[in-house]
2 protein chains.
Amino acid sequence: MAEEMLDALDRAGVRLTGPRRKLAALIERREGHFTAADLLKDAGRRRMGIGRATVFRLLELLSEQGLVERIDLPDGTHAYIPCEPTHHHHLVCLNCGATTDVDDCGIEAVTHEAARRSGFKIEQHRLELFGRCPDCRSAN
Amino acid sequence: MAEEMLDALDRAGVRLTGPRRKLAALIERREGHFTAADLLKDAGRRRMGIGRATVFRLLELLSEQGLVERIDLPDGTHAYIPCEPTHHHHLVCLNCGATTDVDDCGIEAVTHEAARRSGFKIEQHRLELFGRCPDCRSAN
DNA sequence: AGCACATATGATACCCAGTATCAATAGACC
DNA sequence: GGTCTATTGATACTGGGTATCATATGTGCT
Ligand SMILES: [Zn+2]
Ligand SMILES: [Zn+2]
Ligand SMILES: [Zn+2]
Ligand SMILES: [Zn+2]
């Protein structure tokens with residue numbers, strides 16, 4: 001999956017630098033959603049000497065390529081989820097942060113109807129589902 | 001609509017203070033979504049002497065009462081939309097910021113299906129539609 | 001392999017949203 | 001009006017994110 005990110009960066013025409021490779025590897029090891037600060041801490045712990053700005057820059061790049069998606073948690077903080085670059089949405093565990101993709105988003109009917117009633121031309125949508133993952137449910 | 005907010009604050013058991021009344025009036029005059037900074041500027045222009053913290057505090061209160069909803073625009077900034085305290089979603093114009101409510105969110109089917117497949121217990125969802133309002137469409 | 005050059009990096013300083021603190025103020029209720 | 005507590009606003013602070021810019025490093029060419 002780090003490979004996937006590096007391929008995408010290559011395809012996007014940007015350089016495959018050391019910091020980018022290292023960060024991609026760190027992202028690969030992450031479970032669930034993470035913040036820019038989390039990544040920065042990961043890098044710091046391993047003395048990678050990676051700068052704050054570089055982390056944000058890579059996350060933006062990956063986000064443009066759709067390999068990472070920035071979501072807004074219910075508590076207002078921003079987090080990132082590694083994912084596939086196709087249209088889909090996320091199911092996020094409010095307890096442990098685990099995420100799952102919801103690829104068949106059947107809301108085309110909803111958007112169509114909303115467009116018809118409002119006269120708006122709908123160009124994008126965002127759907128996020130929050131709850132408790134199986135583990136956290138059973139762990140109670 | 002400022003009345004509505006003040007009533008709700010009253011019902012919530014908090015004091016109906018001068019700053020809150022003034023801010024409610026300012027919110028009433030707003031069109032489309034606005035940021036905390038916008039409100040603060042409104043108040044500043046009129047020499048209302050309202051502090052930064054007070055604005056944030058009121059927005060949080062109103063948000064708890066469901067009279068204002070905080071949304072995350074595609075560009076990553078936070079904005080508020082005055083609205084009714086019932087479950088609904090927003091259609092936001094990417095050009096002028098106008099908003100409309102979408103009260104019939106027909107995504108229960110989607111969430112049900114997602115829950116069944118993933119094993120998650122879904123507790124909340126967020127759906128936001130972005131596009132162009134009728135005015136902005138015709139204005140090209 | 002070596003060169004040249006543009007891109008990327010990281011240190012630093014900075015900006016902006018939001019929050020903690022706290023003495024002073026002003027609602028609410030009697 | 002008087003009391004008592006919630007609220008206010010000034011100030012200082014935090015934390016996410018960005019602009020700057022001299023330095024370092026990929027990449028393409030030879
Ligand atoms: Zn979980
Ligand atoms: Zn969708
Ligand atoms: Zn518009
Ligand atoms: Zn809904």
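Hydrogens, waters and symmetry mates are skipped; everything else that's a heavy atom, side chains included, is used. Residue numbers begin at 1 in each chain, while the letters A, B, ... track the order of the sequences.
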For this session: Using only heavy-atom distances, decide whether a donor-acceptor pair under 3.5 angstrom links the side-chain of R52(A) to the base of dG17(D).
Result: yes
Exercise. Any side-chain N or O of R70(A) under 4.0 Å from OP1/OP2 of dG17(D)?
Worked result: yes
Problem set entry | T77(A) side chain vs L73(A) backbone, donor-acceptor pair below 3.5 Å | no
Problem set entry | Residue whose closest nucleotide on DNA chain C lies nearer the 5' end, D10(B) versus M48(A) | M48(A)
For this session: Rounded off to whole Å, could you give me the CZ-to-P distance for the R20(B) and dA26(C) pair?
Result: 15 Å
Seminar exercise, completed: L16(B) atom CG is separated from dT8(D) atom P, nearest whole Å, by 10 Å
Exercise. Out of dA11(C), dG18(C), dA17(C), which nucleotide sits closest to the side chain of A37(B)?
Worked result: dA17(C)
Exercise. Over how many whole Å does the gap from L6(B) atom CG to dA28(C) atom P extend?
Worked result: 11 Å
For this session: Taking only the side-chain nitrogens and oxygens of T17(B), find out if one of them lies under 4.0 Å from OP1 or OP2 of dT8(D).
Result: yes
Exercise. Are a donor atom and an acceptor atom from the side chains of H125(A) and H89(B) found within less than 3.5 Å of each other?
Worked result: no
For this session: Establish, with yes or no, whether the OP1 or OP2 oxygen of dG9(D) is under 4.0 angstrom from a side-chain nitrogen or oxygen of T54(B).
Result: yes
Exercise. Is there a donor and acceptor pair closer than 3.5 Å between the side chain of R21(A) and the base of dG26(D)?
Worked result: no
Exercise. Which whole-number value in Å describes the distance from R15(A) CZ to dA6(C) P?
Worked result: 10 Å
Problem set entry | R30(A) and E28(A) ion-paired at < 4.0 Å | no
Problem set entry | Residues R57(B) and E60(B) bridged, charged N to O under 4.0 Å | no
For this session: State which of dT19(C), dT21(C), dG17(D) makes the closest approach to the side chain of F56(A).
Result: dG17(D)
Problem set entry | Whole angstrom value for the distance that separates C1' of dA26(C) from CD1 of I50(B) | 14 Å
Exercise. When all nucleic acid strands are considered with a 4.0 Å heavy-atom cut-off, which category describes G49(B): base, sugar-phosphate, or nothing?
Worked result: sugar-phosphate
Exercise. To the nearest Å, how far apart are E60(B) CD and dT19(C) P?
Worked result: 6 Å
Exercise. Hey, does the side-chain of R57(B) have a donor or acceptor N/O within less than 3.5 Å of a partner on the base of dG18(C)?
Worked result: no
Exercise. Would you call R29(B) and D42(B) a salt bridge, using N to O less than 4.0 angstrom?
Worked result: no
Exercise. Within this structure, what is the CG-to-C1' distance between L59(B) and dT19(C), rounded to whole angstrom?
Worked result: 14 Å
Exercise. For H78(B) and dG15(D), what is the distance between atoms NE2 and P respectively, to the nearest whole Å?
Worked result: 17 Å
